[in-house]
Amino acid sequence: MSLRTLPLVFINLGGEMLYILDQRLRAHNTSEDKSEKGVWSESDRRRVLNDIVGTMFSKSFMDELLKPQQLYSHRTMKTVLTRLAHTSIMRLNPASMDRLYELMIMAFKYQVFLCPRPKDLLLISYNHIDTIREFVRDTPVVMNQVDETHRNIIEVYSSLSEGQFQLLRQTLLIFFQDMHIRVSLFLKNQIQNPSGRFVLTTSGPVPYGADVPGLIRTFDLRGREVSRSEFPPGGTYSGLVREGSFDLNGDRVLRLGRNLYRVEHPEETQTSRTPSGQRDSTPNPLAKEELNQLARLMGSMKAENVPKREPRFRINLFTTDQEEEAASGGEQEAMFQVINIQAVQDQQAASELARIAGQFTDEEEKLENPSSNKGDDLLAMMDDL
Amino acid sequence: MQRPFLSGPKQGELRCFKDTMYHKEKSIQIKNSASALYNNLSVLRIAPRRLTYFTVVHANVVNTVSASWDGLNYSHRQLQSKEPNVATSTSLIMQAAFCVLPSRDLLVVSSQKGIQMYESDGSIMVYWHALDTPEAPTAQAVFARGISAVSDNYICVGVSSGAVLVFDIPSKGSNITLSEVLEEHKEAITDIASECSGSQECLANLVTADDGGNMCVWKSGEEFQLLNKIPGFDITCSSVKLWKGTVLAGYGTGQIRLYEAVTGILHAEVNAHARWIYSLDIAPFSGLLLSAAEDSFVRVWHVSMTPETNNVEIAHLHNECVTDTQICGAKFCDGDGYAFAVTGYDLSEIIRLPSDEPGHSNGKWAAVTGQTWLRTDNIELLEKY
């Protein structure tokens, strides 16, 4: 369907990922786990965010996304986002990445679902960009990249009609279809039901440019109004809403896309699966076309943003390694458990820094050296994830 | 559907009946959930076999259900877009609709790849037309959308370029040919409708609508003749119907407008919904109009015409709210409009109304002049009649 989804998908999913990582890395400083494990310092946190934003908003990466192309599968999307996350000093194990991806997807699904007008998808994206800009405010180089990307987005999307935006939105809704993972923050704020479905209220403001339902007008042959009558619309709607700003800066008015994780409570990032809602996870063989797209995208996340010799820190999903291994094996049970995402700097890894750094460097070299069959490499890498 | 055995009401007489006198129908479970696409439900009533077919699109799959009138037998079939092994995103289906012609009924499926025509039970594909795909990828998505049978032997399908393909359908067999390509629209076609009142007097028998809200009114024939153009104002017309020479159009702003087809005179304008309208349907024998939108409401209206004064009126009768659901398809199950069926995004069932299942509101039945039975909870209307 729409060939213009990718830039918005990455800005919004990437934005949600940054919101969550920011909250998790901050939360760790105040959590009770401080006793045993190390803490992520303020500068560590800023570094992680700067590294990821720097890669995501790099010219080569964004240029690749801006080419007209079909939306990727979930598998490919998760692969690219994992790679993005790993351009920082942080390491996420597969189970953590899965949970993180679920949170990101459900947040973006919520925003797209409730988007008042299709064009407001841009305002949602700009809300994410605004917050991302705040995250990297202290690094002018990265902030300039964000501004530059924002300008490109404005230029590319300003020519789309409302009908084309709706096609874009419909393409995204197909991408999110049948995903009903419960997020504790959403349940708490009553924007999601226990069934996993989002709440659609029948009250509130109508989208900018629309009229409040309830009026019937009839006209004569000359176009003059001859009668007016009202009908009960079944909801309580109002018509007072300003239009948000579509410029580089300004009041977006729309709240969708703002950072819901600002409050530092660890339970905000809990997710649980609804028992019946398991998506069919049997992997489809990736079309050759999609592998090619993936290769180009990975290639565009190039060396200058990847710190090779820096110490890397693992993020554990659970507090002990044993629990992690159990979790990766027992997926059936995991469906019904509430899972925490915690960012814990692994003290044990500190003594193995050189070994770990060396391992990751080797992996990077494998990826960057084109082999005779690039497709196999990528598949192997994805299997590793 | 069983009706009670009663003598018809006399002129101006009013009778009210409790809902329990009417046979209620359960929701039909479908294999996948409905995708957020315009007009995503089609219904075919086969009286001789006491069956009704329903068809709903999910991404790259068409779900068809055959339901017996006694409610005892349901049989499901799934059809996929022509190349099932390609990545999901490249073979998405935009619409599936039944086309009723004097000698045969066909199920037409329009997708990103092209147009497929099946026997109405989905058992055999009788025709495949591939869309021209551009050599180099452009930013414009390519797809077919908007399906309607017109007069005795044509089926029209719209394309994202704005073209309308006219297929000549023989009374049997697969010798279907592309007879003409109508090129008046500049934006992607959203919906197509043919005159459904059965009247031979109407000059115009086809209307086509596009992403910009522009509509073209045609007379079918060996060469289709353009009779009128009704301009849109960059507000998408997502669903359109043609009845007794009147165009009924649903828009992205939630408005419904009634135009005289050949002149373009606006008869009436309704601020009907708080969000984008996804489906309109008309019951040709009674003039009941069904509108459904992303605001979770389905509304029933009555359209009446006074030929002497050329007066067209629309009155509101009833609301149904499908909680937390963005509705994407709504169709009457019969020509009088006694019952209708509804689909919603992410919903794996076809809801049928009237219903006694929890979550659906029920109104009072009222009898009006002649043979038409209407359902309404609008007390003022009861008094008027």
Side-chain angles (χ1 to χ4, degrees), chain A residues 1-4 67-73 113 116-118 156 161-164 166-167 169-171 173-180 193 195 197-200 202 204 206-207 209-219 221 223 227 229 231-235 237 284-287 289-290, chain B residues 32-33 35-37 58-59 85-90 92 94 112 137-141 143 187-188 190 210-212 234-236 238 252-255 265-276 294-297 299 310-316 319 321 323-326 345-346 348 378:
Chain A
M1 279 166 64
S2 176
L3 301 173
R4 289 240 173 261
K67 291 181 188 164
Q69 56 194 308
Q70 303 278 2
L71 184 54
Y72 299 159
S73 64
F113 185 67
R117 297 174 303 174
V156 167
S161 68
E162 192 74 284
Q164 287 171 313
Q166 183 66 287
L167 184 73
R169 181 171 171 272
Q170 291 173 340
T171 310
L173 287 175
I174 290 177
F175 183 64
F176 299 133
Q177 197 138 358
D178 301 322
M179 298 184 84
H180 302 296
N193 292 319
S195 63
R197 290 172 190 273
F198 294 120
V199 172
L200 198 58
T202 56
V206 292
D211 293 303
V212 174
L215 186 63
I216 302 173
R217 299 159 73 202
T218 49
F219 304 90
L221 298 176
S227 81
S229 63
F231 69 89
Y237 300 104
N284 285 326
L286 270 190
E289 185 51 45
E290 207 164 299
Chain B
N32 322 95
S33 57
S35 290
L37 298 162
H58 169 95
N85 289 322
V86 178
T88 302
S89 60
T90 61
L92 290 171
M94 306 300 289
Q112 288 182 271
T138 65
Q140 297 292 1
F143 55 84
E187 297 181 66
T190 47
D210 70 26
D211 254 355
D234 289 331
I235 297 171
T236 304
S238 45
T253 48
Q255 273 195 341
I265 291 170
L266 178 67
H267 287 302
E269 183 177 89
V270 184
N271 296 341
H273 287 276
R275 291 289 187 278
W276 205 280
E294 283 181 342
D295 62 359
S296 74
F297 278 100
R299 306 195 197 278
N310 206 23
N311 210 18
V312 176
E313 288 197 354
I314 177 166
H316 174 257
N319 295 326
C321 177
T323 317
D324 296 336
T325 303
Q326 292 187 347
Y345 168 64
D346 252 356
S348 298
N378 182 333

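Quick note: numbers below take in every heavy atom, side chains included, and nothing from hydrogens, waters or symmetry partners. Lettering follows sequence order; numbering is per chain, from 1.
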task: Can you tell which part of B:Glu294 gets under 4.5 Å to a heavy atom of chain A, answering side chain, backbone, both or neither?
output: both
- line: Smallest heavy-atom separation, B:Val270 atom then A:Phe231 atom, equals CG1-CE2, 3.9 Å
Closest non-hydrogen atom pair between B:Ser35 and A:Ile174, with its separation: OG-CG1, 3.9 Å
query: So which part of A:Val156 gets closer than 4.5 Å to some heavy atom of chain B, the side chain, the backbone, both or neither?
result: neither
task: Return the minimal non-hydrogen interatomic distance between B:Ala274 and A:Pro213, and the atom names on each side.
output: N-CG, 3.9 Å
query: Checking B:Thr325 against chain A: side chain, backbone, both or neither under 4.5 Å from a heavy atom?
result: backbone
- prompt: Is A:Glu162 reaching over with its side chain to a backbone N or O of B:Thr236, donor-acceptor style, under 3.5 angstrom?
  reply: no
task: Could you tell me which portion of A:Arg217 (side chain, backbone, both or neither) has an atom closer than 4.5 angstrom to a non-hydrogen atom of chain B?
output: both
- line: Looking only at heavy atoms, the pair that brings A:Pro232 and B:Asn319 closest together is O-ND2, 2.8 Å
message: Quick one: does any side-chain atom of B:Arg299 pair with a main-chain N or O of A:Pro233 as donor and acceptor, under 3.5 Å?
response: yes
- request: Go through the steps for B:Glu187 and A:Gln164 under the test side-chain contact (heavy atoms from CB on, under 4.5 Å), then give the verdict.
  value: CA-CA 10 Å; B:Glu187 297 181 66; A:Gln164 287 171 313; over 6 Å; no
query: Do you know the tightest heavy-atom contact between B:Ala36 and A:Gln170?
result: O-CG, 3.1 Å
- prompt: Does the A:Asp211 side chain pair with the main chain of B:Gln255, one donor and one acceptor, at a distance under 3.5 Å?
  reply: no
task: Please name the pair of heavy atoms, one in A:Arg197 and one in B:Asp346, separated by the smallest distance, quoted to 0.1 Å.
output: NH1-O, 3.0 Å
Pairwise distance CD1(B:Ile314) to OG(A:Ser229) - rounded to 0.5 angstrom: 9.5 Å
A:Phe198, part contacting chain B, at a heavy-atom distance under 4.5 Å: backbone
task: Using a cut-off of under 4.5 Å on heavy-atom pairs, state which of B:Leu266, B:Thr253, B:Leu37 scores highest against chain A.
output: B:Leu266
query: Considering only heavy atoms, which portion of A:Arg117 lies under 4.5 Å from any heavy atom of chain B: side chain, backbone, both, or neither?
result: neither
